[in-house]
**Q** 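My questions all concern the structure below.
Only heavy atoms go into these numbers, but all of them, side chains included; no hydrogens, no water, no symmetry mates. In this chain, residues are counted from 1 in sequence order.
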Amino acid sequence: TREKLDLCVSYYDGEESECTLHVNDKATKGLVSYSHHVRPGFSVAGQFSYDQPKESSLLTMGCAVRMDNSTVVKGKINSGGELAASYIQEIRSKTKLILSTKFDITTLDSARVGISLALD
């Protein structure tokens, strides 16, 4: 049997920033992520993943913007050409309407659109 060895280390400064490192499968796969609360209502994040057996890597960048007390807009793009965005609106207490889309910017024919109603 193959023994598995995974490690995760995280640092949070208690205020604005967090960085996490994952090392998986005897260090053949890894992921590092960073998030930063820039100012009230605006945050950015980035993530880099590496898979040595597949010889692949992926860089993802994103942000979240609070438009008002009940509305958040999020977006992300990765080095593979995927772009995603979501609009989250609290329409009543404990009730959220979520509109989202995801597509490959290199082909533009793979667009997906979603809508959901979340009840807490």
**Q** Which heavy atom of Met61 sits nearest to which heavy atom of Gly46, and what is that distance?
**A** SD-CA, 3.9 Å
**Q** Dump the intermediate steps for side-chain hydrogen bond (donor to acceptor under 3.5 Å, both in side chains) on Gln89 and Ser70, then the final yes or no.
**A** CA-CA 6 Å; Gln89 175 80 50; Ser70 60; 3.0 Å; yes
**Q** Do Lys96 and Leu117 have side chains that get closer than 4.5 Å, going by heavy atoms?
**A** no
**Q** Same cluster for Ile77 and Leu59 if Ile/Leu/Val/Met/Phe/Trp/Tyr side chains link at under 4.5 Å?
**A** no
**Q** In this structure, would Val73 and Ile98 fall into the same cluster of hydrophobic residues linked by side-chain contacts under 4.5 Å?
**A** no
**Q** Does one hydrophobic cluster hold both Val23 and Tyr11, with members joined at side-chain heavy-atom distances below 4.5 Å?
**A** no
**Q** Do the side chains of Leu97 and Tyr87 join up, straight or via other hydrophobic residues, at under 4.5 Å, putting them in one cluster?
**A** yes
**Q** Kindly compute the distance separating NZ (Lys76) from NZ (Lys74), expressed to the nearest 0.5 Å.
**A** 10.0 Å
**Q** Start with the C-alpha distance between Thr20 and Ser10, add both sets of side-chain angles, then the distance that settles side-chain hydrogen bond (donor to acceptor under 3.5 Å, both in side chains), and finish with yes or no.
**A** CA-CA 4 Å; Thr20 304; Ser10 183; 3.3 Å; yes
**Q** I'd like to know whether CG of Asp13 has more than 12 heavy-atom contacts from other residues, nucleotides or ligands below 6.0 angstrom.
**A** yes
**Q** If we only count heavy atoms from C-beta on, is the Arg66 to Thr71 side-chain gap below 4.5 Å?
**A** no
**Q** Do Gln47 and Leu31 come within less than 4.5 Å of each other through their side chains, counting heavy atoms only?
**A** yes
**Q** Hey, is the main chain of Ala27 close enough, under 3.5 Å, to the side chain of Asn24 for a donor-acceptor pair?
**A** no
**Q** Is there a side-chain contact between Leu83 and Phe103 (heavy atoms, below 4.5 Å)?
**A** yes
**Q** Rounded to the nearest 0.5 Å, what separates atom CD1 in Ile115 from atom OG in Ser86?
**A** 13.0 Å
**Q** Roughly how far, to the nearest 0.5 Å, is the CD atom of Glu82 from the OG1 atom of Thr60?
**A** 8.5 Å
**Q** Can you tell me how far apart NZ (Lys29) and NE2 (His22) are? Round to the nearest 0.5 Å.
**A** 14.0 Å
**Q** Is there a side-chain hydrogen bond (donor to acceptor under 3.5 Å, both in side chains) between Asp25 and Thr28 once you walk through the steps?
**A** CA-CA 6 Å; Asp25 292 341; Thr28 61; 4.6 Å; no
**Q** Go through the structure and list residues passing side chain to side chain donor-acceptor pair (under 3.5 Å) with Asp104, not counting sequence neighbours.
**A** Thr106
**Q** Would a hydrophobic clustering, with Ile, Leu, Val, Met, Phe, Trp and Tyr connected at side-chain separations under 4.5 Å, put Val44 with Val65?
**A** yes
**Q** Would you say that Leu7 contacts Val9 through its side chain, given a criterion of any heavy-atom pair below 4.5 Å between the two side chains?
**A** yes
**Q** Evaluate the side-chain proximity of Tyr12 to Ser17: yes if any heavy-atom separation is below 4.5 Å, no if none is.
**A** no
**Q** What pair of heavy atoms forms the shortest contact from Ser57 to Ser79, and how long is it?
**A** O-OG, 4.3 Å
**Q** Provide the closest heavy-atom pair for Tyr34 versus His36 in the form atom of the first, atom of the second, distance.
**A** OH-ND1, 3.2 Å
